[in-house]
K.L.:
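Here it is, the structure, as structure tokens.
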Amino acid sequence: MNINVQTGEVRLSQRTPTPIEMMVVVGPRDYYRYYRNSRVTHVTIVARMPNGTAHELCRNLRLMANRSVVVTANGRVKPQKYGGYLFEDEDGCPRGYRILKTRAQSIGALSGTRGRTQSLLSHVSREGRRLRSIAFPADYYGFLYVNHDFTAEQVRKYGKIYGSYRFTQKCITINEPDLLRDIMVRDFHVFPDRRYFHLGSSKIGKSLFFLPGSDDDWKRVRSILSPVFTSGKLRAMMRNISGISDKFVNNLSRFAEQGEPVDMRKYVGAFAMDVISACAYGINVESIDNPNHPIVTNAMKILNTDAGVGIMLSVMIPQLGRLLRAEPFDIKAVKYFDDLTNQILSERKVINKYSASDTKRRTDFIQLMIDSEKSDKESEYYSGGSDVETDETIEQHIHKRPMGTLSADELTAQGILFFIAGYDTTSAAITHAIYYLSQNKDCQQKLYEELQSCDEFTYEKLAHFKYLNAVISETLRLAPSLTRIQRESLTDYKLGNTGITIPKGTSVEIVPYTLHRQPDLWPNPNDFIPDRFLEPTHHPYAYIPFGGGPRVCIGQRFAMQEMRMCLAKLIKQFEFDPVDKTQTKLEYFTGSLLMSPKELMVNIKSRSTIGKSLLFLPGSDDDWKRVRSILSPVFTSGKLRAMMRNISGIFDKFVNNLFRFVEKGEPVNMRKYVGAFAMDVISACAYGINVESIDNPNHPIVTNAMKILNTDAGVGIMLLIIIIIVYTKF
Ligand code: HEM
């Protein structure tokens with residue numbers, strides 16, 4: 001016997017064997033059992049062989065070598081300290097019990113030798129027994145450890161496809177893009193459902209996520225909700241998100257000024273909470289200033305399902321959970337949202353009756369769902385309907401026209417679901433993006449350069465920033481917010497050409513976290529390289545942060561817009577640096593299917609451009625000459641004459657405001673009103689923006705200008721702003 005360390009080939013016979021059957025050894029012990037009765041002539045060892053097991057294997061094979069066997073290791077073979085061999089990939093990455101696609105073929109081959117089709121049931125049970133000490137009960141360990149790390153370890157040990165048991169339920173984990181496409185799209189009729197959870201007495205079971213896909217209710221609810229996420233509706237919501245992003249940036253400025261590190265996890269969480277409250281319920285929460293707002297506290301109670309007994313039972317042994325009437329969600333918190341939705345519904349119904357304009361103005365999910373009760377013509381669903389779903393197969397399964405209406409319970413359930421599905425997923429993704437950008441400063445600079453020239457981030461502009469989108473995609477590749485996607489088989493199912501039959505009722509576990517880091521699908525899989533998404537070449541089902549097929553995330557576009565807006569505004573305004581406290585490896589909560597980091601401490605610096613203004617440029621500098629020569633024509637009498645129209649209009653408003661005091665005979669603080677007049681003139685002449693600062697003292701232009709000035713708007717300083725602003729326009 002001879003093991004070639006370079007090629008990993010173990011040759012037991014001088015004769016060239018005729019490959020009749022192939023098998024892949026999946027573990028140190030079981031090769032012999034599989035091998036004994038088969039006609040296998042080629043064996044690929046993909047298992048770590050600890051403590052001399054490799055020697056044992058080779059000895060046994062030698063005993064049987066009269067049948068001429070070629071044993072090939074998958075990758076290089078590295079002698080281990082305690083004997084045995086560890087097999088490595090070409091890139092030197094230890095693979096442990098690596099199981100390749102061929103392993104599935106080997107099962108087919110083995111079954112062939114036995115003359116009957118071997119179903120996954122026996123494969124799984126064999127795996128289940130064999131793995132029991134390690135993988136049973138796999139998900140319990142997942143609850144005790146960080147779930148995605150645990151799953152990655154399992155995939156490392158058992159390969160891209162492996163079986164396990166979750167109590168009595170059979171599970172198969174699959175990390176093969178082609179097979180995933182079959183399961184999620186082509187054969188959706190076999191896998192329309194997620195795994196069954198016991199959801200207790202709450203109404204959440206009526207929400208889109210938890211409704212069985214085989215059920216007409218799911219189709220009805222999805223068809224009603226889809227138009228809520230069309231580009232037309234999202235464009236209207238962007239005003240909300242933009243305003244909340246501005247406040248977020250304002251809040252962070254404090255840390256930039258004081259040079260203190262900030263926990264971005266906390267602030268991004270508050271941002272995401274404000275966005276979802278405004279977009280779902282039309283409520284302005286400002287959760288950083290109001291951490292005890294009932295929306296925040298109750299949402300947190302529902303979201304904080306950290307491996308409690310109720311949730312463990314409901315997820316792991318749903319039947320027992322049902323029997324014991326376990327409650328996975330905080331019932332009082334669910335009731336709060338129930339009451340809130342009912343209250344909003346009745347208020348809106350009264351308002352809508354008397355004020356059609358109010359209905360039109362509102363763009364939150366609740367209003368859009370109320371509108372869904374109207375005819376589709378009336379609610380203009382299909383103005384942007386073509387981009388609700390793009391996949392043809394999705395179209396086959398989801399009727400584009402809303403069918404029927406939502407009951408009050410269903411409406412409440414969707415409202416709560418938007419919190420569960422839309423809050424932590426998005427905030428975790430934004431946190432991860434900042435983490436990766438602070439660790440990869442060259443990428444951060446590249447992103448800043450892309451965003452730098454843009455004054456206003458609109459829906460259309462945001463979608464077209466290529467690098468921004470690449471940064472988000474790469475973030476979701478490395479850190480997909482939802483680490484596990486599940487489907488349950490309605491019937492027995494032949495898994496591609498693997499020879500495996502998935503029995504009815506098996507839970508198919510899809511793990512984007514491991515799929516996105518497979519070295520054969522992604523070069524340098526653990527590195528943050530946004531450029532790979534500029535001209536993407538990957539298999540479409542090698543990248544599934546939002547799932548796939550008809551059950552793909554319905555909030556994907558909304559989440560993408562929210563992430564784009566938030567990141568664009570943050571990176572344009574601040575530079576993020578790691579601080580000592582920044583973990584090179586983030587810490588995560590255990591037992592969560594979400595990749596939810598505990599904290600992210602970073603340093604932030606303001607990207608101020610004030611030093612490049614005419615006032616501060618040294619006169620000896622060529623730049624000063626250039627800037628002065630550009631600015632001079634702006635102040636010629638011709639240009640000023642044109643601006644006078646603006647100033648005259650603002651003056652009329654100023655006078656009107658003062659008349660109020662004249663009528664009431666009250667004294668007036670002229671300093672304040674003249675300051676507001678000057679602010680309006682500057683905003684209109686420099687940016688063409690109508691601020692009306694007396695009525696809108698919280699307008700971002702006013703609050704930010706005041707922060708720069710840190711004094712009341714004196715005319716002299718206003719002149720300075722004119723110079724700065726006019727310069728930055730060029
Ligand atoms: C970065 C943010 C987000 C990520 C990574 C994400 C990811 C996912 C994933 C992986 C699924 C399962 C898809 C499947 O089974 O194939 C899903 C489903 C879903 N998501 Fe999201 N999601 C995000 C944001 C949102 C938002 C903001 C909302 C709503 C406001 C939302 C609502 C939903 C709903 C309702 C479903 C269930 C769809 C159905 O079963 O028909 N998600 N999401």
Side-chain angles (χ1 to χ4, degrees), residues 180-181 183-185 188 191-195 197 204-215 217-226 228-229 233-234 237 241 268 272-273 275-281 299 364-366 368-369 388-389 391 393-394 397-398 410 413-433 472-473 475-488 507-513 515-516 541 543-567 593-596:
L180 292 181
R181 179 163 46 197
I183 287 169
M184 296 170 109
V185 184
F188 175 73
F191 300 96
D193 298 346
R194 300 212 164 83
R195 239 188 85 223
F197 293 116
I204 293 175
K206 295 196 170 166
S207 70
L208 191 66
F209 193 92
F210 295 107
L211 282 172
S214 44
D215 197 309
D217 280 343
W218 172 76
K219 285 192 191 141
R220 179 174 52 82
V221 175
R222 179 121 192 167
S223 80
I224 291 171
L225 291 190
S226 292
V228 170
F229 293 93
K233 304 285 189 269
L234 293 182
M237 280 186 201
I241 301 180
V268 172
M273 179 60 76
V275 167
I276 205 76
S277 313
C279 293
Y281 289 106
D364 51 78
F365 293 142
I366 294 273
L368 295 173
M369 287 191 283
V388 177
E389 312 277 358
D391 202 312
T393 325
I394 296 175
H397 291 287
I398 300 169
E410 284 171 343
Q414 313 315 320
I416 299 172
L417 172 71
F418 290 150
F419 268 92
I420 300 178
Y423 161 71
D424 217 10
T425 45
T426 321
S427 74
I430 298 172
T431 308
H432 280 118
I472 296 174
S473 300
T475 300
L476 287 173
R477 183 186 71 81
L478 285 170
S481 308
L482 204 65
T483 53
R484 217 175 253 238
I485 298 169
Q486 291 162 327
R487 296 286 188 271
E488 206 167 276
S507 172
V508 175
E509 307 281 318
I510 303 162
V511 191
Y513 179 79
L515 182 72
H516 292 179
Y541 278 75
Y543 180 69
I544 48 168
F546 292 101
R551 294 217 75 152
V552 70
C553 173
I554 201 171
Q556 172 173 358
R557 286 156 167 273
F558 175 80
M560 284 301 288
Q561 277 306 105
E562 181 181 347
M563 290 187 282
R564 286 176 189 138
M565 178 66 87
C566 181
L567 282 172
L593 295 188
L594 286 174
M595 271 190 86
S596 184

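What's counted below: heavy atoms across the whole structure, side chains too, no hydrogens, waters or symmetry copies. When a ligand or atom number is given, it counts from 1 through the structure's own listing order.
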K.L.:
Out of A559, S207, C553, indicate the one that has the non-hydrogen atom closest to atom 43 (N) of ligand 1.
P.N.:
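Shortest heavy-atom distance from atom 43 (N) of ligand 1: C553.
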K.L.:
May I ask you to check whether F365 and F558 place their ring centers less than 6.0 Å from one another?
P.N.:
yes
K.L.:
In the protein, which heavy atom is nearest to atom 24 (C) of ligand 1, and how far is it?
P.N.:
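Answer for atom 24 (C) of ligand 1: T425 OG1, 3.4 Å.
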K.L.:
Among M563, H432, R487, R557, which one has a heavy atom closest to atom 16 (O) of ligand 1?
P.N.:
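The option holding the nearest heavy atom is R487.
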K.L.:
State whether F188 and R551 meet the cation-pi test: NZ (Lys) or CZ (Arg) under 6.0 Å from the six-membered ring centroid, and within 45° of the perpendicular axis.
P.N.:
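Pair R551/F188 does not count as cation-pi.
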K.L.:
Between Q414 (side chain only) and L208 (backbone N and O only), is there a donor and an acceptor less than 3.5 Å apart?
P.N.:
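It does hold such a pair.
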K.L.:
Nearest to atom 36 (C) of ligand 1, what protein heavy atom do you find, and at what distance?
P.N.:
F209 CD1, 3.7 Å
K.L.:
Does W218 come within less than 4.0 Å of ligand 1, judged by its heavy atoms?
P.N.:
yes
K.L.:
Have a look at A421, S427, A272 and point out the one with the heavy atom closest to atom 33 (C) of ligand 1.
P.N.:
A421
K.L.:
Check each of A428, P545, S226 against atom 10 (C) of ligand 1 and report the one with the nearest heavy atom.
P.N.:
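Comparing heavy atoms across A428, P545, S226, the nearest one to atom 10 (C) of ligand 1 lies in P545.
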K.L.:
Can you check which of L482, T426, I510 brings a heavy atom nearest to atom 9 (C) of ligand 1?
P.N.:
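Nearest heavy atom to atom 9 (C) of ligand 1 lies in L482.
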K.L.:
Tell me if a side-chain donor or acceptor on H516 pairs with a main-chain N or O of I544 at a distance below 3.5 Å.
P.N.:
yes
K.L.:
May I ask whether Q486 places a heavy atom under 4.0 Å from ligand 1?
P.N.:
no
K.L.:
To the nearest 0.5 Å, what is the distance between CE (M273) and OH (Y423)?
P.N.:
4.5 Å
K.L.:
Nearest protein heavy atom to atom 34 (C) of ligand 1, by residue and atom, and its distance?
P.N.:
I554 CG2, 3.8 Å
K.L.:
So which protein heavy atom does atom 29 (C) of ligand 1 come closest to, and at what separation?
P.N.:
F418 CD2, 3.7 Å
K.L.:
Passes side chain to side chain contact (heavy atoms under 4.5 Å, CB included), M563 versus L476? Steps please.
P.N.:
CA-CA 11 Å; M563 290 187 282; L476 287 173; 4.1 Å; yes
K.L.:
If you have a sec, work out which protein heavy atom is nearest atom 28 (C) of ligand 1 and how many Å separate them, to one decimal?
P.N.:
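Looking only at protein heavy atoms, the one closest to atom 28 (C) of ligand 1 is G555 CA, 3.6 Å.
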